[in-house]
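Here the structure is a predicted model, which means the values were calculated and not measured.
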Amino acid sequence: MGFWLVVGSVLGAKEGGTLVYARGADGSSMDPALVTDGESYAATSNIYETLVQFKYGSTEIEPALASSWEISKDGLVYTFHLRQGVYFHTTKYWKKKIELTSKDVLFSFKRQMRNEKPYYKEARSYGYWESMAMSNIIKDIEAPDKYTVKFTLKHPEAPFLADLGMDFLSILSQDYAQELAKSGRQDQLSKKPIGTGPFKLALWLKDERIVLVKNQEYWGTKAHLDQVVLKVIPNPSSRTLALQKGEVHIVHAPNPNEVQALEKSHNIVVEKVPGLFVTWLSLNNQKKPFNNRLVRLALNYGINVDEYVKIVYEGYASRAINPLPPDMWGYNKNIKPYPYDPAKARALLKQAGYLNGFETTLFSSSRYNKKGAEFIQAQLAKIGIKVKIEFFEWGTYIKKTASGEHTIAFSGWQADTGDPDNFLDILWSKHAASEIPSRNSSFYKSDAYSDLVTKAKRVTNEKERAKLYHKAQEIFYKDVPCVLLAYPYVIVPHLASVKGYKATGVQLNRFVNVYFDK
């Protein structure tokens, strides 16, 4: 079956201008294969492209660098036909105008594959690739000709097409990478990107700002904006103030208690929608005492999650019950949350051998407010658990939790695709827990659970897959590998003059469709 992309311009859009997007932290790398954080992808998803992509504002798959594709009847062979006449960026640091071909796709995938010759001089971890066990999925990648790429899988993989739209599978220039390698400058690949997307990098001042400029040679519908500035303003109240003053145009992650005031501003629009987003408290199942199910269960009874949601999100979230969002297919509606019962929690701790409780440490970062951490600390004190809170800069926090240094830590996940596999496998399977860095920050390793989510990947019928996911969630509920917290809303305040930004779907910060009102 083939697919084609229809492109066009927005009537009434004012062309040009600089959009300033204020956020709390900088990204960690410009190489999309090396990162797992949304802050990095806010830049790279505008610079790079994938074979397929998600229609902006949805989870629907549409063509991108591949104009069409076919899937064999047995689900093992995917053949993609690349667009012709797509060129990589030319910049101050890369002057050669080179067309994207099948060799670039092979390079972008094979550098991440297990047992392939490493690209970087020092060992680097491809976090998404490893967490998703992509080397156990893809048997071979071939290039029959200059504009054709063929993937042969080891087994049917229902989410595979959607996975190809994820940022970590962005297509990089082999010529640029090889030129860097010849002079021993491989690290520049993660600092000075060359992609095919609607924007290209002009400047990156770490922890201050990234400046993206319009790619005038873009193959598709060109961006309306001349520039996008991703500006780091760590304090959410300072971001809000900058928006009110008109110094920035869009704000990421405002304080919930400031949203109502922003809504009353005549020149500000606040987008508020339930997001494909889950937050939870990771309990490191590898470390004492959280290797004991009774202790984990005690925390689920000992934390008033409904109150946590009220205090932290102030009405802009609902309580999390399952490890995937309620609007995603495969969600088990029959599971009910654990009630708040501190007496039951203390009894469970006693049964587990912790009559007098214990001491532990909670890791947090700038992403999670002090109020939430202190609430958890106070709740656990009531059942005899003394909690020390340690705060870390975002990049450090990601590294520490991904390597399992924590005992308790805040975690969250925004959907990359509309497939339940994106939550249930990447975040909670035993193979994800076995890779370091790991997205399974609870290091939960259940054979029964993992067998079900793996089986669900092999089945193409959505109803059958949903049944397997329902069973997996029942096991998850009994094993309590974490304390599920919230399904937060996506809240995006922006100046009323900003049009075309969508707060729904996946890959939210793609700016090619954004423009200023005339």
Member of R124, R111, K191 meeting the salt bridge (Lys or Arg N to Asp or Glu O under 4.0 Å) criterion with D31: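 Of the listed options, the one satisfying the test is R111.
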Partner of K457 by salt bridge (Lys or Arg N to Asp or Glu O under 4.0 Å), out of D419, D163, D425: D425
Distance (rounded to the nearest 0.5 Å) between Q351 CD and L297 CG: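 The CG atom of L297 is 9.0 Å from CD of Q351, to the nearest 0.5 Å.
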Atom pair OH/OG of Y397 and S411 - distance to nearest 0.5 Å: 5.5 Å
ring-ring contact (aromatic ring centres under 6.0 Å, His included) partner of W280, chosen from Y308, F476, W428: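 Only one of Y308, F476, W428 forms a ring-ring contact (aromatic ring centres under 6.0 Å, His included) with W280, namely W428.
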Pairing residues for A202 by the side chain to side chain contact (heavy atoms under 4.5 Å, CB included) criterion, not counting sequence neighbours: V211, V213
Qualifying residues under side chain to side chain contact (heavy atoms under 4.5 Å, CB included), relative to R346, sequence neighbours excluded: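 With sequence neighbours excluded, R346 shows a side chain to side chain contact (heavy atoms under 4.5 Å, CB included) to P342, A343, I383, given in chain and number order.
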E263 and V259: CA distance, side-chain angles, deciding distance, side chain to side chain contact (heavy atoms under 4.5 Å, CB included) verdict: CA-CA 6 Å; E263 289 180 311; V259 172; 4.1 Å; yes
Side chains of T407 and T360, donor plus acceptor under 3.5 Å: yes
Intermediate values then yes/no, side chain to side chain contact (heavy atoms under 4.5 Å, CB included), L172 and L189: CA-CA 9 Å; L172 281 62; L189 195 65; 3.9 Å; yes
N422 side chain to G418 backbone, donor-acceptor under 3.5 Å: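 Pair absent, no side-chain N/O of N422 close to backbone of G418.
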Closest contact, heavy atoms only, Y477 versus K336: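 It is CE1-O, 3.0 Å.
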Derivation and outcome, side chain to side chain contact (heavy atoms under 4.5 Å, CB included), residues N509 and F511: CA-CA 6 Å; N509 295 315; F511 298 108; 3.9 Å; yes
